[in-house]
A.B. asks: 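Would you mind keeping the following structure in view while I ask a few things?
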Amino acid sequence: MDCIVCNKKKEDFAVWNNKIVIAATYDSEIQDHENIRKMDAKSIICHDCMQSIINQVNENRK
């Protein structure tokens, strides 16, 4: 599986694999991030990229 953000090959334990999991963050700003919005049913985002998105959203809130 390849991350849609960094395009690195990842194993299934190293990814966020669908919008339902991301929706569980209960954070509309994260859910509205451009990389999250472009996900389709088969897209995955690795933990490092997801943490980067979270950090970016939190930085923009300050």
Side-chain angles (χ1 to χ4, degrees):
M1 294 186 282
D2 295 335
C3 175
I4 65 167
V5 179
C6 67
N7 293 317
K8 293 181 182 173
K9 189 160 194 70
K10 300 291 180 173
E11 298 298 326
D12 62 349
F13 56 84
V15 298
W16 295 64
N17 64 355
N18 61 44
K19 288 186 177 186
I20 295 170
V21 172
I22 292 166
T25 64
Y26 298 107
D27 190 326
S28 60
E29 291 182 45
I30 291 171
Q31 295 166 13
D32 195 41
H33 190 275
E34 64 181 300
N35 288 321
I36 304 299
R37 283 187 283 134
K38 71 181 182 182
M39 289 181 78
D40 62 23
K42 297 184 185 216
S43 298
I44 60 114
I45 295 180
C46 70
H47 290 304
D48 293 337
C49 290
M50 189 63 192
Q51 188 59 54
S52 176
I53 290 169
I54 292 168
N55 292 344
Q56 184 180 31
V57 167
N58 287 335
E59 186 64 32
N60 290 337
R61 289 183 190 174
K62 294 180 180 179

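On a predicted model such as this, the values are computed, not experimentally measured, just so you know.
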A.B. asks: Give the intermediate values and the outcome of side chain to side chain contact (heavy atoms under 4.5 Å, CB included) for residues M50 and V15.
C.D. replies: CA-CA 9 Å; M50 189 63 192; V15 298; over 6 Å; no
A.B. asks: Are I54 and I44 connected, step by step, through hydrophobic side chains (Ile, Leu, Val, Met, Phe, Trp, Tyr) whose heavy atoms are closer than 4.5 Å?
C.D. replies: no
A.B. asks: Going through the distances and angles, do I4 and I45 end up as a side chain to side chain contact (heavy atoms under 4.5 Å, CB included)?
C.D. replies: CA-CA 6 Å; I4 65 167; I45 295 180; 3.8 Å; yes
A.B. asks: With rounding to the nearest 0.5 Å, note down the distance linking CG in N35 to CD1 in I30.
C.D. replies: 12.5 Å
A.B. asks: Looking at every non-hydrogen atom in both residues, tell me the closest pair between C3 and C46 and how far apart they are.
C.D. replies: SG-N, 3.4 Å
A.B. asks: To the closest 0.5 Å, what do you measure between CG (N58) and CG (D27)?
C.D. replies: 7.0 Å
A.B. asks: Show your reasoning for whether side-chain hydrogen bond (donor to acceptor under 3.5 Å, both in side chains) applies to Q51 and N55.
C.D. replies: CA-CA 6 Å; Q51 188 59 54; N55 292 344; 2.9 Å; yes
A.B. asks: Please report the interatomic distance CD1(I36) to CD(E29), rounded to the nearest 0.5 Å.
C.D. replies: 13.0 Å
A.B. asks: Determine, stepwise, if the pair D40 / S43 fulfils side-chain hydrogen bond (donor to acceptor under 3.5 Å, both in side chains).
C.D. replies: CA-CA 5 Å; D40 62 23; S43 298; 2.9 Å; yes
A.B. asks: If you measure from NZ on K10 to CG on D2, what distance do you get to the nearest 0.5 Å?
C.D. replies: 10.0 Å
A.B. asks: Assigning hydrophobic clusters by single linkage (Ile, Leu, Val, Met, Phe, Trp, Tyr; side-chain heavy-atom cutoff under 4.5 Å), is I53 placed with M1?
C.D. replies: no
A.B. asks: Would you name the heavy atoms of Q56 and H33 that are closest together and state the gap between them?
C.D. replies: OE1-NE2, 2.6 Å
